[in-house]
Amino acid sequence: MKTKYIFVTGGVLSSLGKGLASSSLGALLQTRGLSVTIQKLDPYINVDPGTMNPFQHGEVFVTDDGAETDLDLGHYERYLNVPMSRKNNTTSGAIYNSVIAKERRGDYLGATVQVIPHVTDEIKTTILSLSEGDSAPDVAIIEIGGTVGDIEGLPFLEAIRQLRSDLGRDNCLNIHLTLVPYLRCAGEHKTKPTQHSVKELLSIGIQPDIILCRCEQSIPAEMRRKIALFCNVDQDAVFASVDVENIYEVPLKFYEEGFDQKVAIMLRLPARNAHLEIWEKLARDYAEPRGKVTIAIVGKYVELKEAYKSLHEALHHAGVDNRMSVALVYVNSEEVSEGNVAAVLNNCDGVLVPGGFGYRGVEGKIAAIRHARENRIPFFGICLGMQCAVIEFARHVAGLEDANSEEFNPLCAHKVIYLMTEWFDFRTKNLEKRDAGSDKGGTMRLGAYPCKVLPGTTAFDAYKKPLVEERHRHRYEFNNAYKEQLAAKGMVFSGLAPDDSLVEIMELPDHPWFLGCQFHPEFKSRPMDVHPLFREFIRAAKKYAE
Ligand code: GLN
């Protein structure tokens, strides 16, 4: 079978959940025995979101092959349970970058380089690259970022308009996600924003085949008929995407609506039944927890939950696995001090310090870690969280008062966390870039690296295997010069690079559960395949709560 393409556009306003809708549809098609991939096209000019402030754009999701991508790729992985790669996300910036590079090389042989056809061709090539090779999926879902009507999204929309005639009608489907608000005072749903949004799409030559309506409550049949009539779609091609409490229920809701059925018919996909057992079990387990644990996330980006998207999801996966509901308390580390930490963390069954950059808020994180260590509260440090745990231990247990990370104080006496310049040299070959000081993109240790796990440790108890692969996104590393000194005081280095050159996991054995890792395990947690470190952290929190 040739790869069939589904294009998902969004109308009316942003944040309607195109990513979740695409992921949920993908998951449903997968349960019908089809192989599915999803690609996100982002209209902004940044080459990737790696340089964007998490306050603005939310989390930067990292793939195995080291791409810094949009957080929607995290949803794709969590719903499809297949790893995404660099191929699954592109931006206007990346497209233009490549077009301009070609132009400079003279690849266009003297042509005037234009948005149409050169930029649109580049977009089409990126989309079609998904169906190349032996592992071409049965279905590729293409999610177009932004909202129809945005100037910057036009080249992407033009590209998908053209693809329909390139690939043939039976091989492409356009789904438009809109908002159908319910006006309480009028007591009815309003379809006008949807009509306008579809009119906008039609004006650029795209006729949606299916309208997916995000709404607070289900839409009555006569409203659906009205939308179908005004938007030129089949009467049975208007679906509701109703707000849910648990996002992993969306595939079940879509199935109840017959959404995947209609997609399968319109694309002439092989008629196999959907198998929803895993999704049903997940929804059941989520709805019936046997207890509750409270986890404090002590970080800097607490105002915007999207900044910790994968972390949030991984903790909930671990909660469902332990049959516990997980209450997350986001604590702004800038407001934590030795003086108030006991009060702030009172009632918490676990403390988690996530990744981050820069010195702001670090002393608060260190105070929280000290409190967790001394009071035997389960502690999980991720990336910067591990680095802070090492600093805390060096200062308060090993007596290295002026211990710090080179990132926060390059002049400190004990750089227990430091910049391994050699590292950039032989692995990323990015030393040149970093020294130039101007290029901030892609200068980190990024993507999946192997990690040896030492038997007899908390880490091994979780993973139950001697070699794992985890994803990284950081510049600084544990300084091996302090390994012996810290080990003598009780720190165990339970995860190492296969050649022993890098510390990947540290833990404290005389504590119920105290572990820090240099990588980001949250990127690999799936609802149906919970990450072992999160599972054990929540288990430890549950014990602590009891
Ligand atoms: N700022 C730290 C570093 O660059 C940690 C990064 C992170 O937590 N992702 O090494």
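For the single chain, residues carry numbers from 1 onward in sequence order. Both ligands and their constituent atoms are indexed starting at 1 by order of listing.
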Open item on the list: Checking side chain to side chain donor-acceptor pair (under 3.5 Å) between Ser310 and each of Arg78, Glu522, Lys524, which is the one that passes?
Closed with: Arg78

TODO: Kindly tell me which protein residues have any non-hydrogen atom under 4.0 angstrom away from an atom of ligand 1, grouped by chain and ordered by number?
DONE: Gly355, Gly356, Phe357, Cys383, Leu384, Gln387, Glu407, Arg473, His474, Arg475, Tyr476, His520

Task: Arg535/Ser525 under side chain to side chain donor-acceptor pair (under 3.5 Å): CA gap, chis, key distance, verdict - done: CA-CA 10 Å; Arg535 189 189 62 222; Ser525 187; over 6 Å; no

- [ ] State which residues pass salt bridge (charged side-chain N to carboxylate O under 4.0 Å, His left out) with Asp243; sequence neighbours excluded, sorted by chain then number.
- [x] Arg214

Task: Pairing residues for Asn404 by the side chain to side chain donor-acceptor pair (under 3.5 Å) criterion, not counting sequence neighbours - done: none

TODO: For Trp513, check ring pair (Phe, Tyr, Trp, His ring centres under 6.0 Å) against everything at least two apart and list the hits.
DONE: Phe380, Phe537

Task: Pairwise distance CG(Asn89) to CD(Glu143) - rounded to 0.5 angstrom - done: 9.5 Å

